[in-house]
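Down below is the structure, laid out as structure tokens.
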Amino acid sequence: MSDTFLPGSGFDTYESQDKVLVQMDGSRECAVAVRILQQQGFAVAGAVVRLTDADDTVQAAKDAAKDLGIECVTLNASELASQLAEEALPGDLRFPALLAAADRLGIQYIATGHHARVETDADGVSHLLPAADAASDESAALAALPQETLARLILPLGDFSPDELSDLAEELQF
């Protein structure tokens, strides 16, 4: 992958052995997020959260993970609902499910394809910031995430515009 679309600073701050669990959904953007994280030096694994028994996202995510050469675990939201409900955004068990799975797998970080950014200041406090492209910004949807989640969250797509992501997906043949 070329460095054309990658911002120059901040991508070399992780150790090569760091692991990240990526929320998979089978989309092109998710595949691009995986490749960006791999280029940053992460060991990447995938996870898909099954919201219902008829959730087609699970097979799409597993197929995408296979094409990307990464492992993908399936998390059942209904089984996690009672124990994770307090930590979830209203109506969304994905973040607590990802964190619980990451903890069980010994993985430090989680990542999603949301268009926003997380930056950590000199005091170690993580801050949610809008995406570089205001038109695709999804930071408002993540605003209620607690500090414990933000400290472990990586949002690899937040520095890119939709056009840049589309170009990168074509370059990567997704």
Side-chain angles (χ1 to χ4, degrees), residues 1 5-6 11 13-85 87-89 91-118 131 136 138 141-142 145-146 148-160 162 164-174:
M1 175 164 59
F5 297 107
L6 299 181
F11 276 5
T13 59
Y14 300 103
E15 299 294 325
S16 61
Q17 70 274 9
D18 283 342
K19 297 177 183 175
V20 64
L21 186 64
V22 178
Q23 176 188 342
M24 301 291 292
D25 62 9
S27 70
R28 287 177 64 188
E29 284 190 339
C30 186
V32 171
V34 167
R35 289 295 188 236
I36 290 169
L37 291 164
Q38 288 174 327
Q39 186 175 15
Q40 291 173 348
F42 285 100
V44 178
V48 59
V49 179
R50 181 189 321 249
L51 299 174
T52 66
D53 287 337
D55 194 347
D56 294 334
T57 305
V58 173
Q59 191 58 50
K62 289 197 167 281
D63 291 345
K66 183 178 178 182
D67 291 344
L68 291 163
I70 64 170
E71 177 185 355
C72 184
V73 297
T74 302
L75 310 173
N76 289 311
S78 61
E79 293 174 13
L80 299 167
S82 61
Q83 65 189 26
L84 300 175
E87 305 168 31
L89 292 174
D92 191 349
L93 290 171
R94 287 178 186 90
F95 287 99
L98 283 171
L99 287 168
D103 289 343
R104 283 194 299 265
L105 297 169
I107 296 175
Q108 174 65 31
Y109 299 103
I110 62 169
T112 71
H114 286 92
H115 292 264
R117 297 175 293 145
V118 176
S136 62
E138 296 177 304
L142 306 177
L145 288 174
E148 298 78 27
T149 301
L150 289 177
R152 296 178 64 187
L153 180 62
I154 299 171
L155 300 170
L157 304 183
D159 289 318
F160 302 96
E164 290 171 326
L165 289 172
S166 179
D167 291 346
L168 191 51
E170 285 180 29
E171 180 182 326
L172 296 170
Q173 300 177 347
F174 294 132

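- Proximity of a side-chain donor or acceptor of E138 to a complementary backbone N or O of A116 within less than 3.5 Å is not detected.
- Panel note: side chain K19, backbone G106; no donor-acceptor pair is recorded below 3.5 Å.
- In this structure, CZ on R117 lies 13.0 Å from CG on L142, to the nearest 0.5 angstrom.
- Here the side chains of V48 and T57 are in contact, with some heavy-atom distance below 4.5 Å.
- Taking the side chain as every heavy atom from C-beta outward, I154 and I110 never approach each other to under 4.5 Å.
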Apply side-chain hydrogen bond (donor to acceptor under 3.5 Å, both in side chains) to residues Q23 and H114 and explain how you reach the verdict. CA-CA 10 Å; Q23 176 188 342; H114 286 92; 5.1 Å; no
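- Across C72 and A65, no two heavy atoms sit closer than the pair CB-CB, 3.4 Å.
- Note: L155 CG to I36 CD1 = 11.5 Å, rounded to the nearest 0.5 Å.
- Of the listed residues (V44, L21, V22), just one forms a side-chain contact (heavy atoms from CB on, under 4.5 Å) with I107, and that residue is L21.
- A distance of 8.0 Å separates OG1 in T112 from CG in L157, rounded to the nearest 0.5 Å.
- Between R50 and V58, the shortest heavy-atom distance links the atoms CB-CG2, 3.9 Å.
- Side-chain contact between V34 and M24 is present, with at least one heavy-atom pair separated by less than 4.5 Å.
- The backbone N or O of Q108 lies less than 3.5 Å from a partner atom in the side chain of R152, making a donor-acceptor pair.
- When side chains are defined from C-beta on, K66 does not count as touching E71, because their heavy atoms never get closer than 4.5 Å.
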Might you work through the side chain to side chain contact (heavy atoms under 4.5 Å, CB included) test for V20 and Q40, ending with a clear yes or no? CA-CA 11 Å; V20 64; Q40 291 173 348; over 6 Å; no
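- Contact annotation: the side chain of R35 approaches that of L68 to within less than 4.5 Å [non-hydrogen atoms, C-beta and beyond].
- Side-chain contact between L165 and H115 is present, with at least one heavy-atom pair separated by less than 4.5 Å.
- Screening L150, V49, L153 against F95 for a side-chain contact (heavy atoms from CB on, under 4.5 Å) leaves a single residue, L153.
- Listed here is the closest heavy atom pair of A47 and L75: CB-CD1, 4.1 Å.
- The minimum heavy-atom distance between A151 and Y109, with the atom names listed, is O-CE2, 4.3 Å.
- Residue P156 comes nearest to A111 through the heavy atom pair CD-CB, 4.3 Å, listed as atom of the first residue, atom of the second, then distance.
- Under a cut-off of 6.0 angstrom, the local environment of CD in Q59 is crowded, with over 12 non-hydrogen atoms contributed by other residues, nucleotides or ligands.
- With salt bridges taken as basic N to acidic carboxylate O contacts below 4.0 Å, none links R94 and D25.
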Could you walk me through whether E148 and L99 satisfy the side chain to side chain contact (heavy atoms under 4.5 Å, CB included) test, starting with their C-alpha distance in whole Å, then the side-chain angles of each, then the deciding distance to 0.1 Å, before giving a yes or no? CA-CA 10 Å; E148 298 78 27; L99 287 168; over 6 Å; no
